[in-house]
Amino acid sequence: MLDIDFMIEILPRVLRASLVTLEISFLSLSFSILLGLAFSMVALTSGKFVNILIRCFVEFTRGVPQLVQISIIYFALPYIGIFFDEFWTGVVALSFIGAGYTIEIFRNAVLNINKGQQEAGKILGFSNYQNLIYILYPQIIKRSLPPITNELINVVKASALLSVISVNELTKIMNDVIFEYFVVIEVLLEATIMYLLIISVLVYISRYFEKKLVI
Amino acid sequence: MPNILSIKNLNVFYEKFHAVKDIDLSLNEGEIFVICGPSGSGKSTLIRAIAGLEKPKSGEILINNKAMNEKEVLNKNIFGMVFQQFNLFPHLSILENITLPLMKVKKISKSESIEIAHGVLSKVKILDQKDKHPSKLSGGQQQRCAIARSLAMNPKIMLFDEPTSALDPEMINEVLDVMTDLASAGMTMIIVTHEMGFAKKIANKIILMDNGEIIESNTPNNFFNNPETERTKSFLNQVLQH
């Protein structure tokens, strides 16, 4: 039988940890969207060399295991004189990991808009940059929401990896509780439910915006 | 009328394919210049190169007898261009399609831009549609909006790349009527079209292109009634058969 009383007893700790997971996910996704918009804009308006650099970044974030990337950022940042606490190290790591995907999401969305609009903009006198800002990006936000939602789910799940650098998020607290009380099933069940709840709420919000935004 | 555009030895390549070969042409202010020819003959490439959308491999484009590269041509809004597929901005209303470039490129105030937009929209007779989005309009109305958007930028020359080819037959005339109005108002125009009846009526000069070359350049009267080349005769036979 499940020990319901125990599950209720640990609930405040689990909720606090869920809040940390939510905070990290929200911040990381916001930063990776901003990074994605900025880098995709640079990629679409720059020459070969800059594009190769961005390509390398994308391949790195997508090709190297996330756990390794988190460790690199955790151990490498202090080396170059940048000190963050665990929480912000986690946010930085997940933002970069996310950006590798959002850059490609935005870039592809732009490339999928028919070229004619850009040509029309060019003849009207828009610079490449103005074409992106006024013509293309307003149209790609809605198109990009479904893949961004997938990315959001990935970020929430990847945040569990931050337990290795002792961020007090849900997975870390789950492990702590298990080793404190030697109770496994109840803790796992509660953590699983929390992850599913977090993701459902975020997906619901995202779907809401998908319907709200009209082109 | 003074010379407004002359093109000398223009060559455009797509990779290895020689799409436009050594084209010379010249146009006076207020003239209507029609380019016709079979598909793949290079007529669209020629008009796109004139507009600055294709980079020519060699050749010169002179505006008012002054050589200009693509950048200058685009920055100075020398040309307005109307495309087969309209290319309106789908996320903006008809009015915003016209005011956005006025405000962002010409740096004209919002209220003045709206005034200009109202002017051009009533010229093409779709002022009543101004608050709708392009997808809510018929093809003919969308193309008229595209013409209005180009006109608002006050170009010296209007380029039309098969403006009626994507339209249902009953909408072709409303677009051709607007173009005829423009011509009567003295606008200089270069038109790529398959509408031979319209070409005959409106053109001052008409050329036939094939394989990237100008096969014949003539007055519309001679072009249709007394063509110089066999190629023109067979082209006209094909397009005028029905």
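Note that the structure is predicted; figures quoted are calculated from it, not measured. In what follows, chains are A, B, ... by sequence order, proteins preceding strands, each numbered from 1.
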Discussion item. Does any part of the side chain of N77(B), heavy atoms only, come nearer than 4.5 Å to the side chain of I123(A), both counted from C-beta?
Written reply: no

Worksheet item: What pair of heavy atoms forms the shortest contact from P90(B) to Q139(A), and how long is it?
Response: CG-OE1, 3.1 Å

Item to complete: Output the distance between atom CG (L53(B)) and atom CD (E119(A)), rounded to the nearest 0.5 Å.
Response: 5.0 Å

Practice prompt. Identify which part of L88(B) has an atom lying under 4.5 Å from any heavy atom of chain A, answering side chain, backbone, both or neither.
Written response: backbone

Item to complete: Any chance you could lay out the side chain to side chain contact (heavy atoms under 4.5 Å, CB included) test for Q85(B) and N114(A), step after step, and finish with the verdict?
Response: CA-CA 10 Å; Q85(B) 297 298 340; N114(A) 73 34; over 6 Å; no

Item to complete: Against chain B, label Q130(A) side chain, backbone, both or neither, depending on which of its atoms sit under 4.5 Å from a heavy atom there.
Response: side chain

Practice prompt. Could you pull out the closest heavy-atom pair between P101(B) and L124(A), with the gap in Å?
Written response: CG-CD1, 4.0 Å

Discussion item. Does K21(B), at its NZ atom, have more than 12 non-hydrogen atoms belonging to other residues, nucleotides or ligands within less than 6.0 Å?
Written reply: yes

Item to complete: Among the options G125(A), S127(A), G121(A), pick out the one with the most heavy-atom pairs lying under 4.5 Å from chain B.
Response: G125(A)

Worksheet item: Within a radius of less than 6.0 Å around CD of E59(A), do more than 12 heavy atoms belonging to other residues, nucleotides or ligands occur?
Response: yes

Discussion item. Using only atom types and a distance under 3.5 Å, with no angle test, would you say the side chain of N87(B) pairs donor to acceptor with the backbone of A120(A)?
Written reply: no

Response to the item:
Looking only at M81(B), R48(B), K106(B), K104(B), the option with the highest number of non-hydrogen pairs under 4.5 Å against chain A is K104(B)

Worksheet item: So with a 6.0 Å cut-off around OH of Y14(B), is the heavy-atom count from everything else above 12?
Response: yes

Item to complete: Could you check F89(B) against L136(A) for side chain to side chain contact (heavy atoms under 4.5 Å, CB included), going step by step and ending with a plain yes or no?
Response: CA-CA 9 Å; F89(B) 307 133; L136(A) 300 172; over 6 Å; no

Fill in: Pairwise distance CD(E96(B)) to OH(Y134(A)) - rounded to 0.5 angstrom
13.5 Å

Worksheet item: Do other residues, nucleotides or ligands put more than 12 heavy atoms under 6.0 Å from the CZ atom of F198(B)?
Response: yes

Discussion item. Contact between L100(B) and I135(A) at the side-chain level, heavy atoms closer than 4.5 Å - yes or no?
Written reply: yes

Worksheet item: Is it the case that more than 12 heavy atoms not belonging to F26(A) sit under 6.0 Å from its CZ atom?
Response: no

Practice prompt. Taking all non-hydrogen atoms of both residues into account, name the closest pair between K122(A) and G52(B) and its distance.
Written response: NZ-O, 4.1 Å

